[in-house]
*Asks:* 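Questions regarding the structure given below will be posed in turn.
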Amino acid sequence: MHFEKSPAGLVERFDTILTRFPDVQRRQMFGYPAAFVGGNLVTSLHLHRWVVRLPDDALAEVMAAGGGAFEPMAGRPMKAFAVLPESVVADDAAVTAWVERAIVHGRTMPPKKK
């Protein structure tokens, strides 16, 4: 399966915002920039979208703010993941706050075993 790359400007913003969280492991996932805590994915880009992993109450907040379910393949949503609304992604403070919430949530998850 072939996906188009994320826009260069969005990748640059992702990298810039993630530098504020030096304890987060950054690597590619399916060709997109991603960030992990304890081996668990907490945030990434997919196409032109910014994705975060959150607890249920925070997912409801994202949806209420105009976010959407994350479906990397149509009809196959990933539980606990949401696409941030474009208005949030356009605002550095807002997207940083959501990324931080995703990281905090990731710290509550058991680390993945290698």
Side-chain angles (χ1 to χ4, degrees):
M1 180 173 285
H2 174 73
F3 294 112
E4 64 185 75
K5 291 184 177 187
S6 296
L10 185 60
V11 172
E12 185 177 313
R13 287 189 63 235
F14 185 88
D15 290 341
T16 298
I17 286 171
L18 266 289
T19 61
R20 299 173 189 165
F21 306 98
D23 61 321
V24 173
Q25 299 84 44
R26 293 164 54 188
R27 60 182 189 252
Q28 297 286 103
M29 184 163 181
F30 304 116
Y32 295 101
F36 297 79
V37 172
N40 294 296
L41 176 65
V42 293
T43 188
S44 70
L45 298 182
H46 183 261
L47 302 171
H48 63 279
R49 302 172 298 181
W50 197 310
V51 178
V52 289
R53 181 179 205 164
L54 298 165
D56 290 342
D57 59 335
L59 283 172
E61 282 182 62
V62 170
M63 299 304 178
F70 177 51
E71 293 186 14
M73 296 185 343
R76 307 216 42 186
M78 287 182 65
K79 287 184 176 182
F81 289 88
V83 175
L84 292 174
E86 288 183 23
S87 60
V88 169
V89 174
D91 179 330
D92 277 351
V95 75
T96 299
W98 281 107
V99 167
E100 185 169 23
R101 288 177 77 173
I103 291 168
V104 167
H105 175 59
R107 290 182 182 133
T108 69
M109 300 170 67
K112 296 250 179 167
K113 295 182 179 172
K114 292 186 179 192

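These numbers come from the heavy atoms of this one structure, side chains and all, not from hydrogens, waters or symmetry mates. On a predicted model such as this, the values are computed, not experimentally measured, just so you know.
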*Asks:* Using the ring pair (Phe, Tyr, Trp, His ring centres under 6.0 Å) rule, collect all pairs that involve residues 64-83, keeping only residues at least two apart or in two chains.
*Replies:*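 Residue pairs with at least one partner in residues 64-83: H46-F70.
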*Asks:* Any chance you could lay out the side-chain contact (heavy atoms from CB on, under 4.5 Å) test for E61 and R101, step after step, and finish with the verdict?
*Replies:* CA-CA 12 Å; E61 282 182 62; R101 288 177 77 173; 2.8 Å; yes
*Asks:* Looking only at non-hydrogen atoms, find the nearest pair between T96 and D92 and report the distance.
*Replies:*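 Taking T96 first and D92 second, the nearest heavy atoms are OG1-O, 2.7 Å.
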*Asks:* Kindly work out whether a path of hydrophobic side-chain contacts (I/L/V/M/F/W/Y, heavy atoms less than 4.5 Å apart) joins L41 to V24.
*Replies:* no
*Asks:* Begin from the C-alpha positions of D15 and R26 and carry the test side-chain contact (heavy atoms from CB on, under 4.5 Å) through to its verdict.
*Replies:* CA-CA 9 Å; D15 290 341; R26 293 164 54 188; 3.1 Å; yes
*Asks:* Keeping to residues at least two apart or across chains, list the side chain to side chain donor-acceptor pair (under 3.5 Å) pairs with something in residues 73-83.
*Replies:* none
*Asks:* Is it true that I103 and M78 fall in one hydrophobic cluster, defined by side-chain heavy atoms closer than 4.5 Å?
*Replies:* no
*Asks:* Apply salt bridge (charged side-chain N to carboxylate O under 4.0 Å, His left out) to R49 and list each qualifying residue two or more places apart in sequence or on a separate chain.
*Replies:*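 With sequence neighbours excluded, R49 shows a salt bridge (charged side-chain N to carboxylate O under 4.0 Å, His left out) to no residue whatsoever.
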*Asks:* State which residues pass side-chain hydrogen bond (donor to acceptor under 3.5 Å, both in side chains) with E86; sequence neighbours excluded, sorted by chain then number.
*Replies:*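 side-chain hydrogen bond (donor to acceptor under 3.5 Å, both in side chains) check on E86 returns nothing, list empty.
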*Asks:* Hey, could you give me the CD/CD1 distance between E100 and I17, rounded to the nearest 0.5 Å?
*Replies:*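 Answer rounded to 0.5 Å: 11.5 Å.
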*Asks:* Given P7, which of R13, E12, H48 fulfils the side chain to side chain contact (heavy atoms under 4.5 Å, CB included) condition?
*Replies:*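 One option only clears the test, and that one is H48.
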*Asks:* Once you round to the nearest 0.5 Å, how far does CE of M109 lie from CG of N40?
*Replies:* 4.0 Å
*Asks:* Just checking, any donor-acceptor pair under 3.5 angstrom between side chains of T43 and R53?
*Replies:*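 No donor-acceptor contact under 3.5 Å links the two side chains.
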*Asks:* Taking ring-ring contact (aromatic ring centres under 6.0 Å, His included) as the test, write out the residues that go with W50, two or more places apart.
*Replies:*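 If we apply the ring-ring contact (aromatic ring centres under 6.0 Å, His included) test to W50, skipping adjacent residues, the hits are F14.
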*Asks:* Could you tell me which non-hydrogen atom of P85 sits nearest to which non-hydrogen atom of G66, and how far apart they are?
*Replies:*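 Between these two residues, the closest heavy atoms are CG-C, 3.7 Å.
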*Asks:* How far apart are the closest heavy atoms of A82 and M63, and which atoms are they?
*Replies:*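 Looks like CB-CE, 4.0 Å.
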*Asks:* Is it true that V95 and L59 fall in one hydrophobic cluster, defined by side-chain heavy atoms closer than 4.5 Å?
*Replies:* yes
*Asks:* Knowing that exactly one of V11, L47, V51 qualifies, which makes a side chain to side chain contact (heavy atoms under 4.5 Å, CB included) with Y32?
*Replies:*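 Option passing the side chain to side chain contact (heavy atoms under 4.5 Å, CB included) with Y32: L47.
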*Asks:* Any idea which heavy atoms bring V83 and A69 closest together, and the distance?
*Replies:* CG2-O, 3.8 Å
*Asks:* Nearest 0.5 Å please: distance from the CZ atom of R27 over to the OG atom of S44.
*Replies:* 11.5 Å
*Asks:* Say whether F30 and V52 are linked into one hydrophobic cluster, either directly or through other cluster members, by side-chain heavy-atom distances under 4.5 angstrom.
*Replies:*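 In one cluster with F30: V52, no.
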*Asks:* Which residues pass the side-chain hydrogen bond (donor to acceptor under 3.5 Å, both in side chains) test with D23, not counting sequence neighbours?
*Replies:*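 R107.
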*Asks:* Show your working on side-chain contact (heavy atoms from CB on, under 4.5 Å) between V42 and F36 and close with a plain yes or no.
*Replies:* CA-CA 5 Å; V42 293; F36 297 79; 5.9 Å; no
